[in-house]
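Below is one structure, written out as structure tokens; the observations come after it.
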Amino acid sequence: MRNRPLIIVGGGGHGKVVMDIAEMMGDFSLLAIADDKFTTIQESNDILCGPTSIIGNLLEADQEALVIIAIGDNRSRFRMAERLDLPKERYAKLQHPGAHVSKHAIVAPGTVVMAGAVVNTTASIAAHAIINSGAVIEHDVVVGPFAHISPNAALAGAVTVGEGAHVGIGASVIPGVRIGKWSVLGAGAAAIRDVLDHLIAVGVPAKVIDRT
Ligand SMILES: CC(C)(COP(=O)(O)OP(=O)(O)OC[C@H]1O[C@@H](n2cnc3c(N)ncnc32)[C@H](O)[C@@H]1OP(=O)(O)O)[C@@H](O)C(=O)NCCC(=O)NCCS
């Protein structure tokens, strides 16, 4: 079967990791890297680099082509998805071969699961989320769209992470706790109580220090 052509949106550090995962999976052939930092369209080794305005034509020309938005910042990823306004079928789902995702977990298109991550049974990860390297997503966890679970963060059973929320590197959340929409749990924090929407919480145990 033909490898699916892939357009990676975002040519920064996160984009590089996503490109590496796509290569490791072997299911895709890289068609283009789209980023508005490119002012002209260039081609090397059959890969196009150009501004995001090239995406529409590329998708029209090749109905098999898929897109992944590889922008690390949650709000910027959200804005890009709004701008592109593509049906979910046009988004790729990327999973590093060295990640463990249960057959009984759901991972939506547009989401990336990185090396060493564990997504356990009956967890549910919505579209355009990032499950970063070594993150642990336990059973019955619900991760909302555009959320980011950073490297080595751990979400215990039945945790809920709202839309656009960011769980920082090495942070932990005890069972059943909810991290609200567009909230940030700081690096190394331990959330033992719910964090409401649009708040920043840090420390062990996590305490709110600001709004987002
Ligand atoms: C929580 C966070 C978003 C706060 O960033 P910020 O709004 O720029 O906050 P500041 O750096 O101005 O710090 C504000 C205060 O919170 C404290 N603080 C910040 N982050 C903290 C953390 N993770 N744990 C404990 N305290 C923290 C600072 O020491 C400072 O305290 P002070 O006012 O007593 O000096 C950020 O520090 C953080 O942890 N981000 C996570 C990044 C991450 O994991 N990225 C992963 C990428 S893959």
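Order of appearance sets the numbers: ligands from 1, and atoms from 1 within every ligand.
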Short N or O separations between ligand 1 and the protein, below 3.5 Å:
unit_1: ligand 1; atom_1: 23 (N); unit_2: Ala187; atom_2: N; d: 3.2
unit_1: ligand 1; atom_1: 23 (N); unit_2: Ala187; atom_2: O; d: 2.9
unit_1: ligand 1; atom_1: 39 (O); unit_2: Ala187; atom_2: N; d: 2.8
unit_1: ligand 1; atom_1: 44 (O); unit_2: Ile169; atom_2: N; d: 2.7

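- Using the six-membered ring where Trp is involved, Phe146 and His128 have ring planes that are parallel, under 30° apart on the 30 and 60° scheme.
- Not a single salt bridge (Lys or Arg N to Asp or Glu O under 4.0 Å) links Asp20 to another residue, sequence neighbours left out.
- Using cut-offs of 30° and 60° on the angle between ring planes, the pair His166 and His148 is parallel.
- Ion pair Lys93/Asp27 not flagged as a salt bridge, since none of the NZ, NE, NH1 or NH2 atoms sits closer than 4.0 Å to an Asp/Glu carboxylate oxygen.
- One finds a salt bridge joining Asp197 and Arg178 here, because a Lys/Arg side-chain nitrogen approaches an Asp/Glu carboxylate oxygen to under 4.0 Å.
- Counting heavy-atom neighbours within 6.0 Å of Arg75 CZ, excluding the residue itself, gives a total above 12.
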